[in-house]
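Note sheet for the following structure.
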Number of protein chains: 2
Amino acid sequence: MKDMNTRERILETAIELFAKHGFNDVSVRDITGAVGIKESSLYNHFKSKQQLLDEIFNYLDREFSGMSIPEDEAAKLIEVMDPAQFMDMCIMNFKMYFGKPRLIKIWRIVSIERFRNARANEFFTKNLVDYPLLYQSKVFEAMIKKGIMVNADPKVLARAFYSFILFIYMRYFEVDSSEYSITEADSPEAVNPVDSPEIQEMIKGHMDFLRRAFTV
Amino acid sequence: MKDMNTRERILETAIELFAKHGFNDVSVRDITGAVGIKESSLYNHFKSKQQLLDEIFNYLDREFSGMSIPEDEAAKLIEVMDPAQFMDMCIMNFKMYFGKPRLIKIWRIVSIERFRNARANEFFTKNLVDYPLLYQSKVFEAMIKKGIMVNADPKVLARAFYSFILFIYMRYFEVDSSEYSITEADSPEAVNPVDSPEIQEMIKGHMDFLRRAFTV
DNA sequence: GTCTATACTCTGATAGAC
DNA sequence: GTCTATCAGAGTATAGAC
């Protein structure tokens with residue numbers, strides 16, 4: 001925080017507090033108090049409290065702008081991976097993605113605000129649920145055609161895999177996140193719930209189950 | 001609403017509005033305005049706005065008080081059911097449970113408030129996630145012992161089944177619930193998203209997949 | 001039990017001096 | 001760009017007449 005300018009410090013503090021208490025339960029006074037400036041000073045950097053949330057979502061937008069599905073990516077992937085390897089990769093990506101303290105906080109804001117905020121709802125539905133399912137079902141479809149995966153509806157298989165990941169997110173990131181994900185902005189190495197032994201074992205168990213079920 | 005006394009009308013209206021906008025975004029004025037009384041009149045029936053939420057959660061508590069696990073229920077169940085029939089029963093229960101308009105609204109309140117409210121968080125974690133998983137894994141364990149289910153960790157199997165149910169809840173009850181579940185208090189037959197053809201097909205697909213994967 | 005009137009607090013936001 | 005001072009509005013809640 002020390003090396004940030006005031007605007008950045010306001011934004012980081014807002015992310016921290018919104019992730020902890022939700023947008024509505026954090027006042028401009030709370031934010032500026034934590035930053036160490038007066039309320040009115042915030043308005044030299046942001047035109048309103050709402051703009052803080054907008055900027056946070058803009059950042060998420062930018063993070064996701066690079067995530068489109070190249071039509072031929074599935075074809076490339078199946079040349080070097082079997083279903084189990086692909087799923088391991090997905091979990092690695094998930095861990096890396098939600099291992100970034102800043103992103104995990106922003107996703108928690110999305111989770112909290114999705115019932116009130118249309119943009120948060122869209123992020124959640126599209127980027128956290130529907131897009132991954134679509135991507136995985138395309139890869140699975142290609143693997144079925146190649147004959148290295150059981151012949152079934154690829155969408156069903158994608159849901160069998162990814163609904164478990166969402167379960168982990170819902171149960172251990174959203175619900176228990178006060179325990180894990182909300183860390184001081186100054187401590188870069190946040191404890192990732194996925195790294196805990198119990199969840200590692202849950203994931204391993206599920207992967208073993210799916211490896212068997214997905215085999216031809 | 002016509003045949004209710006004022007206290008009941010206030011409570012039903014509060015459930016309706018909290019489910020739509022969340023506790024914080026509904027004012028006492030909103031509630032009393034919808035009921036057709038003055039703000040101050042509410043305090044003849046409830047000592048505070050907070051008490052409204054408490055009463056709603058008390059109702060949920062009562063609904064769940066009858067739901068304990070008899071130690072021998074799993075034994076009884078497996079005498080008459082195979083894994084597929086048991087899972088169908090679970091889904092039926094889920095549909096019936098979330099088909100009641102009042103309960104679906106209250107669960108939406110739980111989903112919204114669980115990030116802020118410790119009691120809501122506990123309801124969600126215990127009654128919606130952990131308890132069903134425990135119950136199912138016990139039944140699956142008995143079925144494995146009986147030899148009518150694949151020999152695997154029953155907890156893994158329960159998660160494979162129930163994380164999909166939670167996915168349906170998360171994706172179609174929570175996220176899209178403005179479309180389906182929030183109905184006028186006067187219309188008793190709320191449209192249940194689970195009854196839609198798409199979701200019926202998702203469930204059927206997943207059940208076919210699991211029937212095969214759970215077979216010895 | 002319902003009303004009118006009002007108290008008090010907190011909110012986001014602005015004006016203008018420095 | 002930060003401060004002091006201030007504002008209007010909305011929030012929950014209470015007192016007391018009817």
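Quantities reported herein were computed from a predicted structural model and do not represent experimental measurements. Chain identifiers are assigned alphabetically (A, B, ...) following the order of the sequence lines, protein sequences preceding nucleic acid strands; residue numbering begins at 1 within each chain.
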Over how many whole Å does the gap from [X] atom [atom1] to [N] atom [atom2] extend?
X	N	atom1	atom2	answer
Asp25(B)	dT12(D)	CG	P	11 Å
Gln51(B)	dT12(D)	CD	C1'	14 Å
Lys47(A)	dA15(C)	NZ	P	15 Å
Ile10(B)	dA13(D)	CD1	P	13 Å
Asn24(A)	dT11(C)	CG	P	12 Å
Ile37(B)	dC3(C)	CD1	P	7 Å
Tyr43(A)	dC7(D)	OH	P	17 Å
Leu52(A)	dG12(C)	CG	C1'	12 Å

Below 4.0 angstrom, N of the basic side chain to O of the carboxylate: do Glu55(A) and Arg7(A) qualify?
->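 Answer for the salt bridge query: yes.
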Candidates [options] - which lies nearest the side chain of [X]:
X	options	value
Ser40(B)	dG11(D), dT4(C), dA13(D)	dT4(C)
Lys49(A)	dA13(D), dA13(C), dC3(C)	dA13(C)
Arg29(B)	dT11(C), dA13(D), dG11(D)	dG11(D)

Which residue lies more 5' along DNA chain C, comparing Thr6(B) with Glu39(B) via nearest heavy atoms =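 Its nearest nucleotide being more 5', the pick is Thr6(B).
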Base, sugar-phosphate, or nothing for [X], non-hydrogen atoms under 4.0 angstrom?
X	result
Val26(A)	sugar-phosphate
Lys38(A)	base
Ser27(A)	sugar-phosphate

Atom of Ala34(B), atom of Leu17(B) and distance for their closest heavy-atom approach =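 Minimum heavy-atom separation between Ala34(B) and Leu17(B): CB-CD1, 4.4 Å.
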Counting the benzene-type ring for Trp, do [X] and [Y] have ring centres under 6.0 Å apart?
X	Y	answer
Phe167(B)	Tyr162(A)	no
Phe161(A)	Phe86(A)	no
Phe164(A)	Phe209(A)	no

Check whether any side-chain nitrogen or oxygen of Ser41(A) sits under 4.0 Å from OP1 or OP2 of dG1(D), and answer yes or no.
->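 Answer no for this pair, as no side-chain N or O of Ser41(A) is under 4.0 Å from OP1 or OP2.
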